[in-house]
Amino acid sequence: MITYPFEYTRAQSLDEAVALAAAEPDAKILAGGQTLIPTMKQRLAAPPRLIDISRLSQLSFIRRDGDALVIGATTRHADVASSADVMEAIPALALLAGEIGDPAVRHLGTIGGSLANNDPAADYPAAALGLGATLTTNKRSLAADDFFTGMFSTALEEGEILTEISFPLAEKAGYCKFPNPASRYAMVGVFVAKTKVGARVAVTGAGSCVFRVPRMEAALNADFTSEAVAGISVPADDLNSDLHGSAEYRAHLVTVMAKRAVEAANRT
Ligand SMILES: Cc1cc2nc3c(=O)[nH]c(=O)nc-3n(C[C@H](O)[C@H](O)[C@H](O)COP(=O)(O)OP(=O)(O)OC[C@H]3O[C@@H](n4cnc5c(N)ncnc54)[C@H](O)[C@@H]3O)c2cc1C
């Protein structure tokens, strides 16, 4: 068996994590390890150092801040799913977190890790884009519209650490996904929200990166019902096609999941 050495440091503070990351550009931040560790086991990544931020209590919190719900980057999926504050403020977000993977993944995986990783089939990117969240790092704040830049890529620069995510409270919000039966990742997931500045629709799982559907948003601005999106489809041209489903099947699922997400939003 081929082995390779790497260093492991459990950061004691955000400042220490930032300094370590700056000193060693190829080092990797370790949060829940639910993506990074399997990737290393498969030898798809071989960072010289892991900087573990999973026990930084300053990054693990859920708090109401006026008209927003702010969640620290190392907050675990299970904590979001079971939070009475999240359930009261944005129930769709708590329900989304409760549908991620399995109990082991939910008790280790973090919201910051999921957003920084930007897996094309991950759930949280749909919520962040669908609600128009603001993502804050050790350096700056970024709108969700500018954060997700492509498959497994984000606007995060080398060594930049996501610290918290601010979700504006929506009048209504709903999420519906068609899960892959094995992993529970989204074959297609659609997050819809009726926000103060208009309707937003974000789709995960279907394409190479989470994306919005302006035609559905315009229809929902006129009439926030499932009938309004029932006749709107997205082109299959750029969608994912794999052994689980063709691009055409995923395009069909986008409309079906959007309808169900609007129905869920209207029930809250
Ligand atoms: C079996 C299985 C099923 C899953 N099912 C689902 C699912 O249904 N839906 C879903 O959405 N996800 C699913 N996941 C993924 C899971 O949600 C992971 O928790 C998530 O992708 C990564 O979060 P993490 O905290 O484990 O990050 P890690 O694995 O520790 O890190 C992932 C990446 O993000 C970087 N990173 C982590 N935190 C930060 C930060 N604060 N700032 C900057 N960079 C950071 C790391 O350097 C690394 O590159 C599944 C995973 C597994 C193993």
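Sequential numbering from 1 along the given sequence is applied to the chain's residues. Order of listing sets the numbers, starting from 1, for every ligand and every atom in it.
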Residues in the immediate environment of ligand 1 (any heavy atom closer than 4.0 angstrom) | K28, I29, L30, A31, G32, G33, Q34, T35, L36, I53, A73, H77, I100, G101, V105, G109, T110, G113, S114, A116, N117, A122, D123, L156, E160, I161, L162, K177, S183, R184, Y185

For the pair K196 and D67, find out whether any cationic side-chain nitrogen is under 4.0 Å from an anionic carboxylate oxygen.
-> yes

Has E263 got more than 12 heavy atoms of other residues, nucleotides or ligands less than 6.0 Å from its CD?
-> yes

Got a sec, which pairs hit ring-ring contact (aromatic ring centres under 6.0 Å, His included) with one end in residues 53-88, sequence neighbours left out?
-> H77-Y124

Identify whether the distance between the nearest side-chain nitrogen and carboxylate oxygen of E227 and K259 falls below 4.0 Å.
-> no

Donor-acceptor pairs are to be reported for all side-chain atoms of residues 22-34 against protein atoms at under 3.5 Å, with residues two or more places apart or in another chain.
unit_1	atom_1	unit_2	atom_2	d
E24	OE1	R49	NE	2.7
Q34	NE2	G32	O	3.4

Taking only residues at least two apart or on different chains, which pairs with a member in residues 219-253 satisfy ring-ring contact (aromatic ring centres under 6.0 Å, His included)?
-> none

